Amino acid sequence: MAEYIENQMVEINNDNYKESKHSLLDQDCQHYIEAAVKAQDRLFKVFHLHQRFLSHWYYCIQRRPNPHNALHFAFEYFGEGNTSIAEGTRNLAKNYLENLRQVYNSRDKSVTQFVKNFTKDSRQLILTNDIEWNITGNEEYAVIADEFNFAWSIARLWQLLESRKQEHLIKGFLFLCKSEELSFSDECISPKHDEIPEELRNALKEIIPRDDSFFHRTKSFFNPEYLKNEEMVVYLKIACISAVFGKPPSETSRKPLDNIWLLARFYGIHFYSYDFIFGKKRGLSDRFLKQIETLQDPAILESFDAFTLEKKKRKTKKWGKKLLSYPEMLASIKGKTFLEKLREKSREIIQGKEQDPYAPVIDAWERVKSKDSILDKIDFSNPKFASLLKKNPKTFNTFYLWIAFISETELFSNEEELNDDSDKDDVEYAGFTMAEFIANTRWYLEHEKNLSLITYDDIDLNVLTVLFVFWAIIKLFYAQKEMSEQ
């Protein structure tokens, strides 16, 4: 493969190609998409803090979808007409908006006037100047500021796409469609599918690294108007492995993956956060690299030497062709039982031996691991997991997600249900439901236990549904049994 890539690069570098332009990657549109994705990420990261706001916002925007209303319904949520929020919250929002206008009055009066007059004029265009909604610096306003930032970022992008007759893209990003229209299949052919160049058609037949110029020539076709969802998944994966091919972790590049990853998120090809790969100042994270190495070699776990993981002075561990962080590998492969055994060994006092010899290993584990969950109990060093990952990666990912879903469901099962202002009989729309699903899904996509890059096409939804039904039946059986014994 290395020889193939080297020859390809020599050939392409001697070719005077002309980069084709993507319809969404001009300076303004890309900036607006990035801002909207980041604003959504901020809300999804602490979804429970924004759940009531998002429930109201989605309920309204699905009935009157347009750019102006995308921001208007944020103002409406904190207005006098919404009796579902506390008076203290309403007053806090009022004070926040007053402080925001005061700060901007000496910096950019166009923002001051926009915020002041927006609710008074239903025809007013969305201001496209960058607005720093957290500019007051008051932590008390942080939740409200993030909600206004989300609504305005969506409205600004929506306004631009509407002017270009691409409004359907923002609706797709927000899942503003009826539940029966939400589909993970690709039976329909994209309208411009016949216009795809032969080079791209051939490239989509296998997932191998490509040089940067390939993406310059073909990136404009990374669009649902040209490619089916399955094809966009393949294109994304080609970009992922191309970004890391033949490079040590510190020298991996965000190109050509950077705006491809952004577009894939906007299209709903994956649900990872923007910062999952852009969170580091240099190179790509070990967690991302681990998933890409697994993508290239699903047999990777089968040849992994789990016994070396308890060596306390180790800094890196080979995963595929990359030397990655030892703590990351430790937390990814081994389970909680292994950690408890190390603690027991460290507590043993042996004459003439080092005390707490495994303390560095335990500390490294604790620094990397996420919040406690059922996932901590999985030990992927079991040969059965290695065999499953090698033979059927999709089934492996489906099993992993099932465990993760159960963990999340158990975590929130006893919490108070949301009493929002939505019509409980109206189940026609799925926008808020999908937003909640994505928010709850993301943490285990980015969890250390996830070994694989998971797009919507990397799980078996039929199997996942069966597993859920089976689990629900068991839960119901034990619940009824417990009630009968009382």
Side-chain angles (χ1 to χ4, degrees), residues 244 248-250 252 272 275-277 279-280 282-348 350 353-390 393 396-397 399-401 403-404 407-408 442-454:
V244 307
S250 62
T252 52
Y272 291 85
D275 284 341
F276 181 65
I277 66 168
K280 291 185 66 177
R282 181 181 179 185
L284 298 165
S285 71
D286 281 11
R287 188 156 297 181
F288 174 74
L289 293 175
K290 174 187 64 181
Q291 296 188 11
I292 302 307
E293 289 295 303
T294 310
L295 166 65
Q296 295 180 84
D297 181 14
I300 201 167
L301 187 58
E302 191 174 51
S303 59
F304 186 79
D305 182 7
F307 295 103
T308 63
L309 285 176
E310 62 184 79
K311 293 183 178 179
K312 58 187 176 183
K313 294 182 179 179
R314 182 178 293 276
K315 292 184 179 180
T316 59
K317 182 78 176 73
K318 194 168 186 181
W319 181 256
K321 295 181 180 179
K322 295 284 189 294
L323 281 172
L324 303 181
S325 162
Y326 159 71
E328 177 72 27
M329 293 298 98
L330 175 68
S332 297
I333 305 300
K334 301 300 290 185
K336 200 171 184 178
T337 302
F338 175 81
L339 182 65
E340 291 169 352
K341 287 181 178 178
L342 290 187
R343 285 200 174 106
E344 290 176 4
K345 288 184 178 181
S346 275
R347 284 195 290 265
E348 294 176 358
I350 303 175
K353 296 289 184 179
E354 176 186 358
Q355 292 189 14
D356 293 336
Y358 295 103
V361 178
I362 296 170
D363 290 343
W365 175 297
E366 295 292 349
R367 285 195 301 270
V368 171
K369 72 179 292 296
S370 303
K371 61 183 179 182
D372 292 337
S373 70
I374 294 175
L375 294 175
D376 292 338
K377 299 179 181 179
I378 300 178
D379 187 337
F380 280 132
S381 64
N382 187 315
K384 293 181 180 179
F385 288 118
S387 178
L388 180 61
L389 180 58
K390 176 185 176 181
F396 181 94
N397 293 334
F399 173 80
Y400 167 77
L401 287 181
I403 296 295
S407 176
E408 191 74 1
R442 178 168 297 158
W443 78 268
Y444 40 78
L445 290 178
E446 301 179 4
H447 194 280
E448 65 273 7
K449 282 292 182 182
N450 181 19
L451 305 182
S452 309
L453 180 73
I454 300 179

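As a basis for the values below, the full set of heavy atoms in this structure was taken, side chains included, without hydrogen atoms, waters or symmetry mates. Treat the numbers as computed from the prediction; the structure is a model and nothing was measured.
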(request) Go through the structure and list residues passing side-chain contact (heavy atoms from CB on, under 4.5 Å) with E302, not counting sequence neighbours. (result) A299, A386, K390
(message) List the residues meeting side-chain contact (heavy atoms from CB on, under 4.5 Å) with D363, not counting sequence neighbours, and say none if there are none.
(response) R367
(message) Could you report the tightest heavy-atom contact between F276 and Q291, atom names first, then the distance?
(response) CZ-NE2, 3.8 Å
(message) Please list all pairs meeting ring pair (Phe, Tyr, Trp, His ring centres under 6.0 Å) that have one or both residues in residues 311-336, counting only residues at least two apart or in different chains.
(response) F304-W319
(message) Which residues pass the salt bridge (charged side-chain N to carboxylate O under 4.0 Å, His left out) test with K449, not counting sequence neighbours?
(response) none
(message) Do the side chains of E293 and K317 get close enough for a salt bridge, i.e. N-O under 4.0 angstrom?
(response) no
(request) Could you pull out all residues at least two apart from P249 that satisfy side-chain contact (heavy atoms from CB on, under 4.5 Å)? (result) D286, L289, K322, L324
(request) List in chain and number order the residues that pass ring-ring contact (aromatic ring centres under 6.0 Å, His included) with F288, two or more places apart in sequence or in another chain; answer none if no residue qualifies. (result) W261
(request) Just jot down the salt bridge (charged side-chain N to carboxylate O under 4.0 Å, His left out) partners of E328, sequence neighbours excluded, or say none. (result) R287, K290
(request) Please list, chain by chain and in numerical order, all residues satisfying side chain to side chain donor-acceptor pair (under 3.5 Å) with D297, sequence neighbours excluded. (result) none
(request) Using ring-ring contact (aromatic ring centres under 6.0 Å, His included) as the criterion, list what pairs up with F385, not counting sequence neighbours. (result) F380, F399
(message) According to side chain to side chain donor-acceptor pair (under 3.5 Å), who are the partners of S303, at least two apart in sequence or on a separate chain?
(response) none
(message) Going by the rule side-chain contact (heavy atoms from CB on, under 4.5 Å), which residues pair with D275 if we only count those two or more places apart in sequence or in a different chain?
(response) S273
(message) Tell me the closest heavy-atom pair linking I277 and L284, and the distance in Å.
(response) O-CD2, 3.5 Å
(request) Could I get the full list of salt bridge (charged side-chain N to carboxylate O under 4.0 Å, His left out) partners for K369, not counting sequence neighbours? (result) D372, D376
